[in-house]
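Before any comments, here is the structure.
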2 protein chains.
Amino acid sequence: MAAELRERKRLRAELESVMGRKGLRSTSQRRLILDRLFEIGEHFTADDLIADVRQADSTVGSATVYRTLRMLVESGLLQEHRFADHEGTRFELHVGDKHHDHIICMTCGKIREFEEPLIEQLQERVAEQLGFKLQSHTHQLYGYCSDCTPAPSKSRSSRG
Amino acid sequence: MAAELRERKRLRAELESVMGRKGLRSTSQRRLILDRLFEIGEHFTADDLIADVRQADSTVGSATVYRTLRMLVESGLLQEHRFADHEGTRFELHVGDKHHDHIICMTCGKIREFEEPLIEQLQERVAEQLGFKLQSHTHQLYGYCSDCTPAPSKSRSSRG
DNA sequence: TTGGGTGCAAACAGTTTGCAAATTC
DNA sequence: GAATTTGCAAACTGTTTGCACCCAA
């Protein structure tokens, strides 16, 4: 969609301004990393991004990519996720105030997003009942997508 | 509660039987690890357990504890959690079919449990709508408990 | 010119693994 | 006695850090 493209441009502009304000410099590495990152889009790992960046410039060090990722997370432009139990951290562009959670296929690893305002409401209520001021949450569903049959055995129960 | 004690005994018995069936042996290390694990109860890390076990027997190797933990997770007796983004894995006894999720205080780290059947229902519906067969989920809320004031700055948005 | 940024290699945390010796069945 | 389990140390994965050099502002 065109809206998404516009959104990306806005994000990039916003980022430039954030970096400017913080006195962070615009280097060729950072520009390249951002290009690739906006291209990949969603749910990539640091390794994914490193490989991708190195295809364009094999001299970029992984530390630079890690440092840039951390900077972007701290600037609020990226979100970190730790999906299924032993995968590494995955990153995702944090677009405006829009919020969604994820459902992940246990066979093929496909990740779909969902929004459910009712769940969010209930979360507020639960927090309130326990005397907490809710700030954020993580919520992932795991299952089998329509393309995948359940793995033969290994029944799984929910983990909260 | 007495019910909990009974439940522990049942769990232990169940475990013995599972181990028996799998041809796993009952060693002094495993018995000690189980004792301490049932004592600690919930939301402990591998390190917590290792320290605790070593207080009783300083010769137990950490590999043994890790191996035992993995065995217990695979037997379905323990659940693994990865709470806030950069903490290590935490373990919890998996009691029967009872299920709960967690809310974590961002200041003091306190963990409270909650159950919300409506949320579980909505999760089913969401999965169905996306063509997934739901198998499990992780769901954590983050906020400030009644004993803790919000940290001065650092506003946080939700992460799914 | 000067502070931030870079690549490299080493450090790091948490966890797993190879192996010879010890233990359980 | 055969097979499993152990402790140790080394390996491994994902990530961070120290440092000398480099470069954008």
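Just so we're on the same page: letters track the sequence lines, and every chain starts at 1. Just the heavy atoms: all of them, side chains too, but no hydrogens, waters or symmetry mates, feed the values below.
Rounded to whole angstrom, the span from the CE atom of B/Met19 across to the P atom of D/dT5 amounts to 7 Å. Rounded to whole angstrom, the span from the CZ atom of A/Arg82 across to the C1' atom of C/dT15 amounts to 13 Å. One interatomic measurement links the two molecules: OH of B/Tyr66 to P of C/dT16, which rounds to 7 Å at whole-angstrom precision. As a whole-Å value, the separation of B/Ile33 CD1 from D/dT5 P is 12 Å. Between B/Leu69 atom CG and D/dT6 atom P the separation is 12 Å, expressed in whole Å.
Counted within 6.0 Å of CD on B/Gln129, heavy atoms from surrounding residues, nucleotides or ligands total more than 12; the atom is thus considered enclosed.
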Which donor-acceptor pairs under 3.5 Å do the side chains of residues 33-50 of chain B make with protein atoms, sequence neighbours left out?
from	atom 1	to	atom 2	distance (Å)
B/Asp35	OD1	B/Arg12	NH1	2.5
B/Arg36	NE	B/Asp52	OD1	2.4
B/Arg36	NH2	B/Asp52	OD1	3.0
B/His43	NE2	B/His102	NE2	3.0
B/Thr45	OG1	B/Asp47	N	3.4
B/Thr45	OG1	B/Asp48	N	3.0
B/Thr45	OG1	B/Asp48	OD1	3.2
B/Thr45	OG1	B/Asp48	OD2	3.2
B/Asp48	OD2	B/Thr45	N	2.9

Side-chain donor-acceptor pairs of residues 58-77 of chain B under 3.5 Å, sequence neighbours excluded:
from	atom 1	to	atom 2	distance (Å)
B/Thr59	OG1	B/Asp57	OD1	2.7
B/Thr68	OG1	B/Thr64	O	2.7
B/Ser75	OG	B/Met71	O	2.9

Exercise for the section: Dump the intermediate steps for side-chain contact (heavy atoms from CB on, under 4.5 Å) on A/Phe91 and A/Glu80, then the final yes or no. Expected result: CA-CA 5 Å; A/Phe91 299 87; A/Glu80 290 177 295; 3.6 Å; yes
Practice task
Mind running side-chain contact (heavy atoms from CB on, under 4.5 Å) on A/Leu32 and A/Gln29 for me, showing each step along the way?
Solution key: CA-CA 5 Å; A/Leu32 172 56; A/Gln29 291 92 331; 5.8 Å; no
Problem - Verdict with reasoning, A/Leu141 to A/Ile104, per side-chain contact (heavy atoms from CB on, under 4.5 Å) - result: CA-CA 6 Å; A/Leu141 310 184; A/Ile104 298 119; over 6 Å; no
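Within the structure, no pair that satisfies the salt bridge (charged side-chain N to carboxylate O under 4.0 Å, His left out) test touches residues 21-34 of chain A, not counting sequence neighbours. Among residues at least two apart or in separate chains, salt bridge (charged side-chain N to carboxylate O under 4.0 Å, His left out) pairs with a member in residues 105-114 of chain A are A/Lys110-A/Asp147.
With sequence neighbours excluded, the residues that form a side-chain hydrogen bond (donor to acceptor under 3.5 Å, both in side chains) with A/Glu14 are A/Arg10. Among residues two or more places apart in sequence or in another chain, the salt bridge (Lys or Arg N to Asp or Glu O under 4.0 Å) test is passed with B/Arg54 by none.
The only option from A/Glu116, A/His139, A/Glu92 that meets the side-chain hydrogen bond (donor to acceptor under 3.5 Å, both in side chains) definition with A/His100 turns out to be A/Glu92.
Contacts of residues 36-56 of chain B with DNA chain C (heavy atom under 4.0 Å): B/Ala46.
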Restricting both atoms to N or O, compile the protein contacts to nucleotides 3-7 of chain C shorter than 3.5 Å, with distance only.
from	atom 1	to	atom 2	distance (Å)
C/dG3	N2	A/Arg25	NH1	2.1
C/dG3	N3	A/Arg25	NH1	3.2
C/dG3	N3	A/Arg25	NH2	3.4
C/dG5	OP1	A/Arg25	N	3.4
C/dG5	OP1	A/Arg30	NH1	2.6
C/dG5	OP1	A/Arg30	NH2	2.9
C/dT6	OP1	A/Thr27	OG1	2.6
C/dT6	O3'	A/Gln29	NE2	2.8
C/dG7	OP1	A/Thr59	O	3.2
C/dG7	OP1	A/Gly61	N	3.3
C/dG7	OP2	A/Gly61	N	3.1
C/dG7	OP2	A/Thr64	OG1	2.0
C/dG7	N7	A/Arg67	NH2	2.9
C/dG7	O6	A/Arg67	NH2	3.3

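Both B/Phe91 and B/Ser26 sit near DNA chain C, but only B/Phe91 has its closest nucleotide nearer the 5' end.
Taking the screw axis at each terminus of the helix from C/dT1-D/dA25 to C/dC25-D/dG1 from five consecutive base pairs, the angle between the two is 30° to within rounding of 10 degrees.
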